[in-house]
Number of protein chains: 2
Amino acid sequence: MDVGSVSSSGTPTALSLNLSAFGKLTAADRDLLKTTLTKRVRTVPARRDIVREGDRPHFVNVVLEGWAQRSKQLADGRRQILSFLLPGELCDPNIFILKRLDHTLSTVTTVRLGEVPKQELRELVQARPAIAEALWWTELVAGAIQREWTTSIGQRTAYERIAHLFCELFVRSRTAGLTDANTCEFPLTQSDIADATGMTQVHVNRTIQEMRRDGLIDLRSRQMTVHDLDRLMAVALFNTNYLHLDHRADA
Amino acid sequence: MDVGSVSSSGTPTALSLNLSAFGKLTAADRDLLKTTLTKRVRTVPARRDIVREGDRPHFVNVVLEGWAQRSKQLADGRRQILSFLLPGELCDPNIFILKRLDHTLSTVTTVRLGEVPKQELRELVQARPAIAEALWWTELVAGAIQREWTTSIGQRTAYERIAHLFCELFVRSRTAGLTDANTCEFPLTQSDIADATGMTQVHVNRTIQEMRRDGLIDLRSRQMTVHDLDRLMAVALFNTNYLHLDHRADA
DNA sequence: CGGCCGCTTGATTCACGTCAAACATTGTGG
DNA sequence: CCACAATGTTTGACGTGAATCAAGCGGCCG
């Protein structure tokens, strides 16, 4: 099993759960969450499906380490990446209600995955209303991100669209404490970016070259360096509102 | 105040709330919902904003009659329509948690709107877990629709994209009991369709003409006739899964 | 060392956008 | 009830951003 990416992420960083940042949680809530979400952990190699469209999942998954993605595929094979999941993020709280998944969840890198039986999380949520609220908060933010992506693909130019994706991933990484100054992990290939932005890999390549020439970013050895975040945000018409960061305890 | 559209929707059809179709509700739940959602009703003329991006809303809104839309606008004015809201649909249950709206809600036609004070709905939801679940169901379905739209704009061609939108609106209308055989209300202008699909109004026009020539649909006097739904669904690569209709009592 | 995966480059094509004007429909006010 | 204004649709000529096709390059991994 390929575990290269795991070790390559450096010293095992302190786990920072996105959920736990929700402002209304007590320290006790956060402890409970952490133990529940890390009780049962498995490692999935890069580029594998975690759960597929049509499945009836019995577990809620958390990405503890590595990146994952949601995607949908049309009947003829065209694929759209719908969002990326960063370390500390919950994949599918919605399985409490929806019977079948309408999209596929896959790993981008090797992923350490926390698995929580549906029933166990349900009990936690019933015992702790604040945790229920935290769960819905992350789900609603995911919805807001999805709306922003629709807007991005529908209205932004290729250049703006890629810039916007870079802004989002950098800001989310930073919020999760995963950046080092102006640099963050960036395990996506240009084909991934193409599938996420609705363009071809070739055009992604040419657009990124242009961004490099413009001195906005640097992308190499699975790392992204943002030279001037303000300028990147400006060209991307990026506005952090949609991430609803104001619910975080650290806001 | 212009109430033309209201009267033009024919005999005041029996109100069919989307929420009430949720399978786990009892008759008592449905009654409670209906009285709560229709206690306070106002009429908003066509093409007005209901709540705007950045607002901190105090009411949950239901569309009782007419069509509404969600949209986002970029700093330079480009606008993306994110979804359409049909009669019987809840606009924004998410205000329980999110502090500010990240998108704007506007009317397409004249809309009869039910307004429920946040607090009142919160109490209802606490008293009736099944209603809470119904609420989240509609919110999760809205999320699934958003993912499908992202996919549509990202992967489908102009022709497929419009066909897909037509399928969705027809199927959702039919589910809400708003179709008459193969015909449904269709108050969108070609500019609306353009803003929703990320294309220009001119190209929408040419594409629709092509669909008419292909005998798929007819669009006139604010009505859409679908001549062959199966064929329309086939060319659109339409799959109803994402609407999660299997939670409906009438499924 | 060799194979594979991801990146880069070039030539060409095409789906869709832009600009501009005319036409059709609908609702309004005199 | 007609006219006209506003809104929505259609048409044409032309431009362009991004797709397509095809080939070569480079670094990483077994």
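Hydrogens, waters and symmetry mates play no part in the numbers below; they use all other heavy atoms, side chains included. Naming: A, B, ... by sequence-line order, numbering from 1 per chain.
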**Report entry** Counterpart residues, side chain to side chain donor-acceptor pair (under 3.5 Å), relative to B:His244 (two or more places apart)
**Finding:**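 Partners of B:His244 under the side chain to side chain donor-acceptor pair (under 3.5 Å) test: A:Asp102.
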Protein-nucleotide distance ([X], atom [atom1]; [N], atom [atom2]), rounded to Å:
| X | N | atom1 | atom2 | value |
| --- | --- | --- | --- | --- |
| B:Glu160 | C:dC16 | CD | C1' | 14 Å |
| A:Ile208 | D:dA18 | CD1 | P | 14 Å |
| B:Leu188 | D:dG8 | CG | P | 11 Å |
| B:Arg206 | C:dA20 | CZ | P | 15 Å |
| B:Met199 | C:dC14 | CE | P | 19 Å |
| A:His203 | D:dA19 | NE2 | P | 6 Å |
| B:Glu210 | C:dC16 | CD | C1' | 12 Å |
| A:Arg161 | D:dG17 | CZ | C1' | 10 Å |

Can you tell which of [options] lies closest to the side chain of [X]?
| X | options | value |
| --- | --- | --- |
| B:Gln201 | C:dT18, C:dT8, D:dT10 | D:dT10 |
| B:Thr200 | C:dG17, D:dC21, D:dT10 | C:dG17 |
| A:Val202 | C:dG10, D:dT10, C:dT26 | C:dG10 |

Query raised in the report: Which pairs with one or both residues in residues 211-238 of chain A pass ring-ring contact (aromatic ring centres under 6.0 Å, His included), sequence neighbours excluded?
Result: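 Residue pairs passing ring-ring contact (aromatic ring centres under 6.0 Å, His included), neighbours aside: A:His164-A:Phe238, A:Phe238-A:Tyr242.
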Requested in this report: Answer yes or no: side-chain N or O of B:Arg222 and base N or O of D:dT7 forming a donor-acceptor pair under 3.5 Å.
Outcome: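 No pair found.
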Query - Under 3.5 Å donor-acceptor pair, A:Arg220 side-chain atoms to D:dG27 base atoms - result: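 Per atom types, no contact qualifies.
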**Report entry** Whichever of A:Ser221 and A:Ala158 has its nearest DNA chain D nucleotide further upstream toward 5'
**Finding:**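 It is A:Ala158 whose nearest nucleotide is closer to the 5' end.
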Requested in this report: Please tell me which of A:Tyr159 and B:Asn205 maps to the more 5' nucleotide of DNA chain D, matching each residue to the nucleotide holding its nearest heavy atom.
Outcome: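 Of the two residues, B:Asn205 wins.
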Query - Between A:Gln146 and B:Thr150, a side-chain donor and acceptor under 3.5 Å - result: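 Yes - a donor-acceptor pair under 3.5 Å links their side chains.
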Query raised in the report: Closest approach of A:Leu82 and A:Ser71, non-hydrogen atoms and distance?
Result: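 Result for this residue pair: CD1-C, 3.9 Å.
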Query raised in the report: Which part of the nucleic acid, if any, lies within contact of A:Arg78, taking any heavy atom under 4.0 Å across all strands shown: a base, the sugar-phosphate backbone alone, or nothing?
Result: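 Here A:Arg78 touches no strand at all.
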Query raised in the report: Base, sugar-phosphate, or nothing for A:Arg212, non-hydrogen atoms under 4.0 angstrom?
Result: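 It contacts sugar-phosphate atoms only.
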Query raised in the report: Is the backbone of A:Leu74 close enough, under 3.5 Å, to the side chain of B:Arg156 for a donor and an acceptor to pair up by distance?
Result: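 Such a contact is absent between B:Arg156 side chain and A:Leu74 backbone.
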Query raised in the report: To the nearest 0.5 Å, what is the distance between CZ (B:Phe166) and SG (B:Cys184)?
Result: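 If I round to the nearest 0.5 Å, the distance is 9.5 Å.
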Query raised in the report: Given axes from five pairs at either end, by how many degrees does the helix from C:dT8-D:dA23 to C:dG30-D:dC1 bend, rounded to 10°?
Result: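 So the angle between the two local helix axes works out to 40°.
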Query raised in the report: With under 30° as parallel and over 60° as perpendicular, where do the rings of B:Trp67 and B:Phe84 fit, or are they tilted in between?
Result: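 If you compare the ring of B:Trp67 with that of B:Phe84, the planes turn out tilted.
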